Amino acid sequence: MSTKLSRRDFLKVSAAVGGGLALEFSFPWLARAAAVRATEVNAWIVIHADDRVVIRIARSEMGQGTFTALAQLVAEELDCDWARVSAEFASPNEHIRRNRVWGSMSTGGSMGVRSSQDYVRRAGAAARELLVAAAAARWQVPAAECAADKGVVTHKPSGRTLRYGELAAAAAKLAPPKEVKLREPKDWKIAGKPLHRLDIPDKVLGKPVFGVDVALPGLLHASIAQCPVFGGSVKQVDAAEALKLRGVKKIVRVKDFVAVVADSWWRADEALKKLKVEWDEAGHGGVDSAAIAAMLREGLAAADLPQARNLGDTPATLAGAAKVIEAEYASPYLNHATLEPQTCTAWFKSGGTLEVWTSTQDGEASLRMAAETAGLPPEKVEVHKMMLGGGFGRRGAPQDFVRQGVLIAKALPGVPVKLMWSREEDMQHGFYRPASIVRMKAGLDAKGNLVAIHTKIACPSILKMLMPHALGGNAIDFTAVRFFSDLCYAVPNQRVEYAMRNGHVPVGFWRAPGQQNGFYRECFIDELAHAAGRDPVDYRLAMLPAGDKNRLVLEAVAKAANWGSLLPAGVHRGVAVADGFGSYTAMVAEVSVNAEGALKVHRIVVAIDSGHVVNPDTCAAQAESNVIYGLGSILYQENTVKNGRIAETNFRNFRLPQIAEMPKVETVLVPTGGFWGGHGEPAILPLAPAVCNALFAATGKRIRTLPLKHHDLRKA
Amino acid sequence: MLKLNVNGRVREADVEPEMPLLWVLRDHLNLTGAKYGCGIGVCGACTVLVDGAAVRACAVTAAEAAGKRIVTIEGLSEKGLHRVQQAWIEHEVPQCGYCQTGMILSAVALLEKKPKPTDADIDAAMTNLCRCGTYGRVRAAIHALAAQKA
């Protein structure tokens with residue numbers, strides 16, 4: 001193997017042998033101490049002579065716990081001592097050089113664990129077999145007489161033992177097994193347990209783990225201004241005043257942005273405010289939210305829209321229905337608002353290489369963007385993956401911040417430059433959750449059963465914006481139609497039409513893309529249950545066949561929340577169900593509304609079937625996370641458009657909930673096995689409808705648009 | 001040269017008096033534990049202790065901070081973990097972790113003032129914003145700390 005490892009200054013390749021690599025780590029702070037030997041047993045696993053195990057993680061960590069969960073899965077099959085395990089990010093550069101040995105680096109769609117669990121477990125199992133084989137060879141006994149546990153191989157007949165640290169170098173020279181048997185989840189000892197997350201100690205100590213924390217010799221700082229009107233460009237820049245300010249090193253002007261580079265970020269940002277920039281607004285300067293709503297309404301009215309689903313005869317059934325109910329729902333654009341703003345540090349080095357440090361949801365995508373922007377072959381670029389101060393979909397597909405960071409550093413070759421966006425820039429240059437308007441028309445039979453549903457969806461396309469190759473030939477973006485096009489309820493007649501109307505506001509994957517449809521659908525189902533005079537849980541159960549996993553979670557949550565039982569005076573319940581991101585989720589919200597019309601969410605009970613559970617504590621934490629992230633969008637948040645730009649600029653006009661608003665969250669994990677579902681997003685799906693359905697129970701007011709700050713919730 | 005008392009040491013920084021303390025710490029003293037989140041004193045990611053009180057470092061100038069006792073997350077504990085940090089690990093409080101250094105320092109200041117805070121005290125003192133949803137665990141960790149023997 002000719003792989004050259006350049007990603008760690010202190011890491012030196014000493015030998016490359018067999019299926020693995022023996023590496024020599026020489027730590028500068030141990031200059032005179034004996035070198036500690038570490039061996040790469042396979043791409044995922046490095047074992048030190050002192051038995052420490054380093055597990056390489058290809059996905060990103062943004063608080064969702066994948067960094068630990070994937071390590072648990074590898075360690076489970078490796079049979080090592082969890083107390084000696086640490087994790088590190090796999091290098092995107094090495095990934096490219098080694099023929100994408102770590103599979104996908106993309107971290108989104110609640111896919112981190114579920115889409116890599118198979119191959120990371122196989123890597124752990126293969127390494128264990130190599131370690132056992134190495135021990136058997138040393139003892140000259142059959143491998144079948146040996147067993148591995150907690151990082152030690154034991155020869156059962158004789159009781160002799162060897163530690164992994166003693167075996168790793170020999171194991172790496174053996175040919176990896178062609179087939180391995182994976183452990184049944186019921187037999188897990190490390191996976192499936194609520195182990196402490198590996199990334200938390202550094203985070204509570206304030207160690208420099210985030211993209212914005214990068215420190216390098218001679219580092220300069222950049223603050224950026226992009227055209228406030230999306231799609232615009234720089235026409236003219238007067239930098240005379242800015243250049244007079246202390247610490248300013250350079251003004252970098254590119255087609256679509258201007259950046260100031262200085263010796264501290266504050267100085268760069270102060271100078272940026274002094275720039276006089278004239279923008280070419282590309283003709284979008286007159287667009288506002290009303291124009292966008294009109295664009296969407298035109299879509300709803302259009303004839304011959306592409307159909308995302310067509311079952312039975314919806315028009316005829318609606319025409320003959322005992323009762324027809326119609327409703328229109330809508331949602332605004334929404335920014336991710338990661339607490340760490342977008343950031344990228346780039347350094348063009350003298351040898352014709354480029355190093356990049358960034359908070360990214362996809363290290364490989366960052367590397368490709370950096371290489372393309374720099375005009376360098378990918379092999380000449382390294383991306384150091386940092387911990388993310390929040391991701392939620394913002395830092396995956398777009399990679400706009402990497403392009404900018406590289407372009408800025410390119411103007412200062414040999415000097416590392418750290419770009420960080422101001423909050424205002426971050427708020428006004430998102431890839432927003434699409435604004436959408438949806439009309440639903442339902443036909444009920446004489447008993448109130450739902451027999452036909454016709455849904456028209458007008459919504460910008462995320463795929464068209466970010467992944468046009470993934471868009472189907474019939475112009476259907478599945479993220480815009482989900483929860484209707486794959487309706488979980490047994491309804492014989494269904495038609496779903498999609499009007500793709502894009503506008504100039506960039507849209508992107510905002511936590512659980514398409515979740516607005518969950519709000520529309522599950523609130524509308526509640527309207528139907530109410531019209532039919534039926535209980536909302538019973539009404540749904542009647543449309544979910546026995547054995548359906550949506551049914552199982554709905555029954556589980558109804559039981560856990562004690563649905564139907566008496567609540568304290570003024571407290572009311574709402575329910576919702578949604579399947580997505582590989583999992584099945586049902587939720588009950590308990591809310592009250594005071595005399596002033598203020599909503600209080602007291603308690604959320606959520607049942608999730610993700611098939612398997614790798615770390616129950618981080619799964620519960622993700623449910624808590626989805627609740628507060630979603631609650632902000634229910635109560636306060638929206639991004640409106642005025643003069644072609646986003647009107648909200650900071651947390652004063654894009655409000656985040658505070659600690660007092662956090663409801664009690666009870667997470668009921670009901671893994672039924674046989675499949676692997678995600679946890680990063682599913683719990684946000686039923687949140688808005690469960691809360692709004694509870695609000696209807698409390699006030700009699702049907703909420704069809706969010707956020708709630710625009711509604712008078714006082715009892716009529 | 002501006003002199004600041006940071007984490008028990010006198011540190012010098014060649015900065016404008018109006019530079020916010022946050023940027024003196026982050027870019028001139030290389031103490032990056034305090035984070036930038038909003039720059040307008042709302043989110044609290046930049047929280048540090050100034051004379052024992054939890055303060056938004058983006059909303060205090062270097063000149064205002066001079067002569068006061070500044071403690072950042074890096075200086076919270078002389079050796080090992082502060083008990084609040086320990087509780088944060090035990091309760092698995094952080095998710096992304098970006099707001100947590102500020103959150104921890106706000107909790108330290110709160111517990112210093114009110115060793116047995118009520119929920120209302122916590123609501124009033126813990127105004128740091130968290131985008132991930134750690135609030136429930138922040139509250140649980142603070143109550144657990146209050147229940148510890150002094």
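A quick note: this is a predicted structure, and the numbers were derived from the prediction, not measured. Chain identifiers are assigned alphabetically (A, B, ...) following the order of the sequence lines, protein sequences preceding nucleic acid strands; residue numbering begins at 1 within each chain.
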* To do: Count the heavy atoms of every other residue, nucleotide or ligand shown that sit under 6.0 Å from NZ of A:Lys600, and state whether that count exceeds 12.
  => yes

* Can you say whether B:Leu31 sits under 4.5 Å from chain A via the side chain, the backbone, both, or neither, judging by heavy atoms? -> neither

* What are the two closest non-hydrogen atoms of A:Pro657 and B:Tyr135, and how far apart are they? -> O-OH, 2.7 Å

* Region of A:Asp199 in contact with chain B, defined by heavy-atom distances below 4.5 Å -> side chain

* So, does B:Arg131 use its side chain to make a donor-acceptor pair with the main chain of A:His336 at under 3.5 Å? -> yes

* Asked: Within the distance-only criterion (no hydrogens, no angle test), does the side chain of A:Arg197 pair as donor or acceptor with the backbone N or O of B:Gln95 below 3.5 angstrom?
  -> yes

* Asked: What closest approach, in Å, do A:Gly206 and B:Thr101 show between heavy atoms, and which atom pair accounts for it?
  -> CA-CG2, 3.5 Å

* Minimum side-chain heavy-atom gap B:Arg26-A:Trp265 below 4.5 Å -> no

* Quick check: are there more than 12 heavy atoms from other residues, nucleotides or ligands sitting under 6.0 Å from CD of B:Glu112? -> no

* Do you know which of A:Glu661, A:Gln622, A:Glu624 has the most heavy-atom pairs with chain B at a distance under 4.5 angstrom? -> A:Glu624

* **chain B contact via A:Leu220 - which portion, at a heavy-atom distance below 4.5 Å** => neither

* Asked: In terms of heavy-atom pairs under 4.5 Å with chain B, which of A:Gly390, A:Ala621, A:Pro208 leads?
  -> A:Ala621

* To do: Indicate yes or no: at least one non-hydrogen side-chain atom of A:Val212 is less than 4.5 angstrom from one of B:Thr32.
  => no

* Would you check if the side chain of B:Gln100 reaches a backbone N or O of A:Val204 as a donor-acceptor pair within less than 3.5 Å? => no

* Is it the side chain or the backbone of B:Ile104 that comes within 4.5 Å of chain A heavy atoms, both, or neither? -> side chain

* Structure fact -> If one checks every heavy atom of A:Val627 against chain B at 4.5 Å, the contacting part turns out to be neither

* Asked: Who wins among B:Gly133, B:Cys99, B:Gly39, B:Ser77 for the most heavy-atom pairs under 4.5 Å with chain A?
  -> B:Gly133

* Do the side chain of A:Arg652 and the main chain of B:Ile40 share a donor and acceptor less than 3.5 angstrom apart? -> yes

* Any chance you could lay out the side-chain contact (heavy atoms from CB on, under 4.5 Å) test for A:Trp266 and B:Asp27, step after step, and finish with the verdict? => CA-CA 9 Å; A:Trp266 182 77; B:Asp27 290 351; 5.7 Å; no

* **Test side-chain contact (heavy atoms from CB on, under 4.5 Å) applied to B:Thr134 and A:Met662, step by step** => CA-CA 9 Å; B:Thr134 62; A:Met662 179 81 195; over 6 Å; no

* Structure fact -> Between B:Tyr98 and A:Pro341, the two heavy atoms sitting closest are OH-CD, 3.8 Å

* Asked: When only pairs under 4.5 Å are counted, which of B:Met126, B:Glu74, B:Gln85, B:Met19 shares the most heavy-atom pairs with chain A?
  -> B:Met19

* Asked: Side chains of B:Cys130 and A:Tyr629: closer than 4.5 Å at any heavy-atom pair?
  -> no

* Sort A:Leu388 into side chain, backbone, both or neither according to what part of it lies under 4.5 angstrom from a heavy atom of chain B. => backbone

* Structure fact -> So CH2 of B:Trp23 and NE2 of A:His221: to nearest 0.5 Å the spacing works out to 8.5 Å

* To do: Against chain A, work out which of B:Gly97, B:Ala34, B:Cys38 has the most heavy-atom pairs shorter than 4.5 Å and name it.
  => B:Cys38

* Structure fact -> Checked B:Gly33, B:Pro94, B:Ala120 vs chain A; the most non-hydrogen pairs under 4.5 Å come from B:Pro94

* In terms of heavy-atom pairs under 4.5 Å, which option from A:Ile628, A:Leu631, A:Leu339 contacts chain B the most? -> A:Leu339

* **Side-chain touch A:His196/B:Glu92, heavy atoms, less than 4.5 angstrom** => yes

* Tell me, for B:His28 versus chain A, whether the close heavy atoms (under 4.5 Å) come from the side chain, the backbone, both or neither. => side chain

* A:Phe654 versus chain B, heavy atoms under 4.5 Å apart: side chain, backbone, both or neither? -> side chain

* To do: Report the distance from atom CH2 of B:Trp88 to atom CD1 of A:Ile200, rounding to the nearest 0.5 Å.
  => 12.0 Å

* Hey, are A:Asp617 and B:Arg137 close enough for a salt bridge, meaning a charged N less than 4.0 Å from a carboxylate O? -> yes

* Of the backbone (N, CA, C, O) and the side chain (C-beta and beyond), which part of B:Val84 lies under 4.5 Å from a heavy atom of chain A, both, or neither? -> neither

* Presence of salt bridge, A:Arg267 and B:Glu16, under 4.0 angstrom -> yes

* Structure fact -> Per-residue tally against chain B (heavy atom, under 4.5 Å) across A:Ala337, A:Pro194, A:Pro201, A:Ala215 peaks at A:Ala337

* For residues B:Tyr36 and A:Met420, report the shortest heavy-atom separation together with the two atoms involved. => CD2-CE, 3.2 Å

* Structure fact -> Of B:Gly37, B:Gly136, B:Cys96, the largest count of non-hydrogen pairs under 4.5 angstrom with chain A goes to B:Cys96

* To do: Run the numbers on B:Asp123 and A:Gln658 for side-chain contact (heavy atoms from CB on, under 4.5 Å), then give the verdict.
  => CA-CA 8 Å; B:Asp123 291 346; A:Gln658 292 199 336; over 6 Å; no

* Structure fact -> In terms of heavy-atom contacts, A:Arg246 and B:Asp14 come closest through NH2-OD1, 2.7 Å

* Asked: Under a 4.5 Å heavy-atom cutoff, which of B:Ile73, B:Leu76, B:Leu81 has the most pairs with chain A?
  -> B:Ile73

* **Under 4.5 Å from any heavy atom of chain B - which part of A:Ala262** => neither

* To do: Examine whether an atom of A:Met387 lies under 4.5 Å from a heavy atom of chain B, and if so say whether it belongs to the side chain, the backbone or both; otherwise answer neither.
  => neither

